[in-house]
Amino acid sequence: MSLAQVHYTSAAPGDEGTAGRFTAVGPGVSGALLAEIEPLVRYELPGGVPERPSDGELRSLPQAFGYFALSDGSRLVARSAPVRDTGGTGAGVRFHAHAVHLPPGVPLPGDRLPVEAWRSPHWVAVTPGGATPDPLALPPGPAAVSEGLDDFAVSRGPWLAAVLADLRRASDAEAAGPPVALVERQCADVARWLGLASVTLPRESAERLTFTTYTRRPGSSASRVVGVGPEDAGAARAAGLRVHECAGPAPVGSTEDVWATTAARVWRSRSPELFREARELPGEPFAAGPLAVTALCAGIVLGPDGRAAAAGWAADRPYALDARHTGRLVEAIASPGIDDRTAAEFDAAGRLFGALEGRCPASVTAPLAAMLVTEAVRGGNGSLELPRRDAFAGPEGAEVAERLGPEILTELADTAGSRSVARTVQLLRVARLLGVDGTESLPGVVDRLAPALLAEASVAQEGPPGFAPALLELLDEQFEVRTALLGALDRIAPQDPGAVARFLERVALPFTGTQALPHLRMCAEVPEAMATLGGDRAAVWHRVLRAAGLSPFAEPLVLRTAVGLVWEDRAPTVEEARLLLDAATSDSHRVAGTWARLVDAALSTSTAGTSATGTSATGTDEAARLAHDLLRGFPGEIGGRERAGLLLLDLVRELRTGAPEPGWAERVRTLCAQAEPVEPALRERAHAALVERLLAPDRPGAELYDFVHGADAELIAAYDRTARTEAVRTRLRTQPAYAADCFTVWTAHPHAGRAWPPVAAALLDDVLRPAVRGMSAEDVAEVEATVGRTGSSGRADAFRDWNRSSTLGRLGRRIAGRVRRG
């Protein structure tokens with residue numbers, strides 16, 4: 001069909017207030033569309049144009065060739081060109097716009113793209129005769145748009161990838177980014193950029209790419225791509241456009257768009273036909289994979305990102321390529337001359353090998369297999385997906401094994417370097433793939449690998465550590481490695497069973513076979529036991545110990561593992577410690593080293609707190625009995641401050657229940673000094689037990705004498721506190737003999753240093769006097785008689801005088817009260 005055409009001419013000199021006028025309008029172009037078209041076809045001369053340019057200067061002025069989308073869905077292809085003004089003086093410059101209106105859904109003649117009309121000779125610079133021209137056909141240009149584009153693309157190599165990436169974004173219907181500004185000295189070069197886009201982009205994308213090859217006002221342009229001269233680059237940048245100064249110095253840096261980078265390499269290789277070939281392959285329109293595959297198969301050298309994209313695409317579609325193209329792709333990816341491969345590229349190559357293995361002859365996949373194992377050994381890439389063992393059954397495998405085997409064995413035997421778990425696992429797997437015999441080095445390898453597993457897993461984030469999948473594959477592939485590694489882990493489990501248990505929660509090691517592995521089985525059992533039995537640690541301990549399948553008498557180290565699992569970060573209670581002590585012989589605890597946990601239990605319980613009266617809290621007596629048994633069962637193991645602490649506990653037991661050796665006070669002082677830094681609660685309990693015994697009626701006089709004359713301020717203060725308790729006060733009030741004994745003690749040593757006399761005097765006044773005051777006359781007489789019998793007549797007189805002063809004091813206070821009342 002014929003297309004309506006529009007002609008627009010700038011105002012003639014003297015036409016004030018107008019920018020121009022339409023000189024011819026084809027049928028079907030409404031007035032509303034003309035109002036929308038007018039600003040699109042206006043033309044502004046570049047700066048510095050002479051008022052009367054020569055013919056050569058006029059021809060060198062830029063032409064604005066554009067493609068625009070109109071509001072009603074139609075489109076406009078237009079050319080605005082400067083022309084000489086033939087009216088008036090005939091020396092001025094005007095412009096003439098010639099446009100073709102494309103209704104919605106109607107293409108240019110020959111179904112050509114808009115940019116293909118930019119070199120058509122049918123663009124005119126004058127209005128045809130008649131007010132309304134007949135619809136005229138617009139034939140396509142004389143040559144395909146791709147003519148000469150190869151040379152242009154090579155000349156614009158530094159800008160090529162970045163511009164193509166932005167042109168792709170500009171053609172996206174959903175794109176909301178700013179327009180693209182192409183800065184060129186010649187507007188024809190902007191048109192060539194659009195020609196590159198028309199070949200590179202899919203047709204539907206190229207048809208959405210609105211453009212103008214020249215404008216002086218890039219910020220107000222309605223096009224997605226605008227061409228500007230160097231003098232207007234600043235205005236484009238100020239307006240927020242994405243500016244590419246192709247007329248200036250080469251840009252620094254590169255784009256991360258792999259599709260655009262690959263497309264640029266295709267253009268620089270002068271192979272634009274590959275774009276059409278790539279579009280025939282499955283995939284998204286701008287996926288880098290199809291274009292990268294096509295380029296590599298054509299012999300074009302790509303970077304690591306392009307090669308990775310090609311390998312990844314082919315791995316996902318192993319049937320998309322025929323045998324010839326598959327072979328070419330593998331050769332290109334596995335080429336020995338490449339030295340810039342990345343981890344992502346190796347991962348993609350590994351997936352490609354996995355997809356092709358079994359579908360292609362081994363001769364096709366052998367280069368990939370060799371590349372992967374070489375990288376695994378020399379590059380240290382621990383995440384590679386390795387080939388299967390049968391990939392190296394042929395001569396290619398023997399050659400790779402001969403080359404890499406010594407390197408593998410040397411590194412595995414190296415004990416000086418710090419090798420990661422992933423690296424060790426990878427080396428072991430590659431050694432098996434290549435048939436390298438590492439039997440001699442295996443024990444040392446697993447002895448270093450086992451603790452490394454725990455160390456790396458302890459610092460990893462939540463979930464399985466990164467090396468877990470490869471490790472499990474290794475154990476599944478190699479029985480001898482699994483047996484040796486599980487044995488090594490079982491041997492080190494007693495040293496840190498908690499770490500092993502946490503590791504097994506994150507990595508489910510396969511130890512369900514015939515190996516005994518008692519410690520690993522205990523570590524695997526404890527999470528479920530804790531969840532099932534809750535806070536009953538004794539029950540958890542029994543269950544975990546049963547999981548070992550061995551008696552502590554036969555294998556004492558299971559004691560250490562079980563105790564470490566159940567009481568990892570705390571000491572057992574005294575009841576739990578008693579259970580542990582009775583569960584095995586002292587020899588078993590000695591071998592397992594668990595006697596130290598029992599010592600901690602005894603000392604921790606002894607410092608759990610005291611009652612309000614100053615006596616030991618519940619459980620202290622049990623702790624003292626436990627201390628006694630520990631001292632007897634482990635005399636050669638317990639030493640230092642721990643031994644002194646246990647002896648102190650044992651002395652507390654003897655002071656309360658037995659007949660301790662003489663020298664109580666001195667032993668308390670000595671043991672407290674040896675147990676330094678002694679816990680305050682333990683010191684308090686020892687002092688309390690001592691003074692409770694010294695306050696008893698049957699205490700030896702020598703012990704009391706040593707205590708009083710020892711002048712130990714802390715012990716005397718403890719004596720004072722205990723003597724003031726309600727238990728002592730009650731005994732004084734109800735037992736005259738006890739009151740007589742206390743009077744004798746508290747008056748017997750008036751010159752025993754500086755600490756005792758004031759305490760004794762205060763006890764007489766504050767404790768004994770109120771007790772005697774509350775006695776009956778008969779009880780007071782009995783106290784006096786007892787003092788005389790156990791002491792002397794002088795001591796009895798002293799009691800009477802002391803008691804009389806108390807009585808006189810009471811009488812005096814009564815008389816004074818009566819006087820005040822009178």
Side-chain angles (χ1 to χ4, degrees), residues 154 157-158 160-161 250 252-269 271 274 288-289 291-315 325-356 363-387 391-392 395-408 410-411 417 419-420 422-423 426-427 429-431 433-434:
V154 172
L160 201 52
V252 178
S254 59
T255 178
E256 296 181 358
D257 190 320
V258 182
W259 172 86
T261 303
T262 306
R265 288 180 179 264
V266 170
W267 274 114
R268 289 199 295 270
S269 299
S271 305
L274 297 181
L291 185 58
V293 166
T294 305
L296 289 174
C297 291
I300 296 175
V301 176
L302 300 183
D305 292 340
R307 295 191 299 267
W313 179 90
H325 285 88
T326 299
R328 288 183 177 180
L329 177 63
V330 169
E331 289 178 4
I333 291 175
S335 173
I338 298 175
D339 59 1
D340 62 345
R341 292 187 177 96
T342 62
E345 180 181 354
F346 278 112
D347 291 340
R351 292 196 299 113
L352 175 60
F353 178 86
L356 297 180
S363 59
V364 174
T365 58
L368 275 178
M371 181 190 78
L372 292 172
V373 297
T374 301
E375 167 63 12
V377 174
R378 294 179 177 173
N381 189 337
S383 64
L384 283 179
E385 186 172 338
L386 295 175
F392 300 95
E396 297 87 355
E399 187 274 331
V400 175
E402 184 179 355
R403 176 162 43 90
L404 299 179
E407 299 179 26
I408 295 172
T410 299
E411 185 170 350
R419 193 169 51 246
S420 69
R423 177 63 174 166
Q426 191 79 301
L427 290 174
R429 296 187 67 200
V430 173
L433 288 177
L434 301 180

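FYI, side chains are in, hydrogens and waters are out, and symmetry mates aren't considered; it's all heavy atoms of this structure. Values in this document were obtained by computation on a predicted structure and should not be read as measured data.
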Close side-chain approach of [X] to [Y], heavy-atom, < 4.5 Å:
{"X": "L427", "Y": "R419", "value": "yes"}
{"X": "L296", "Y": "R328", "value": "no"}
{"X": "R378", "Y": "L404", "value": "yes"}
{"X": "I300", "Y": "S271", "value": "yes"}
{"X": "D305", "Y": "T262", "value": "no"}
{"X": "M371", "Y": "F353", "value": "no"}
{"X": "I333", "Y": "L352", "value": "yes"}

Of the non-hydrogen atoms in [X] and [Y], which two are nearest, and what is the gap between them?
{"X": "A161", "Y": "T255", "value": "CB-CG2, 3.6 Å"}
{"X": "A334", "Y": "L368", "value": "CB-N, 4.1 Å"}
{"X": "A348", "Y": "A308", "value": "CB-O, 3.5 Å"}
{"X": "A264", "Y": "L160", "value": "O-CD2, 3.5 Å"}
{"X": "E345", "Y": "D340", "value": "OE1-O, 4.4 Å"}

* Asked: Checking side-chain contact (heavy atoms from CB on, under 4.5 Å) for the pair E407/T410: CA distance, chi angles, key distance, verdict?
  -> CA-CA 5 Å; E407 299 179 26; T410 299; 5.9 Å; no
* **Residues E375, R341: salt bridge by 4.0 Å N-O rule** =>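 Here E375 does not pair with R341 in a salt bridge, since their nearest N and O are not under 4.0 Å apart.
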Looking at [Y], is its backbone amide N or carbonyl O close enough to the side chain of [X] to form a donor-acceptor pair, meaning the two atoms are under 3.5 Å apart?
{"X": "R423", "Y": "V377", "value": "yes"}
{"X": "T261", "Y": "D257", "value": "yes"}
{"X": "R351", "Y": "A311", "value": "no"}

* To do: Please assess I338 against R307 for the test side-chain contact (heavy atoms from CB on, under 4.5 Å), listing each intermediate value before the final yes or no.
  => CA-CA 11 Å; I338 298 175; R307 295 191 299 267; 3.3 Å; yes
* For side-chain contact (heavy atoms from CB on, under 4.5 Å), just list the numbers for V266 and T294, CA-CA rounded to whole Å, side-chain angles, deciding distance to a tenth of an Å, and then say yes or no. => CA-CA 10 Å; V266 170; T294 305; over 6 Å; no
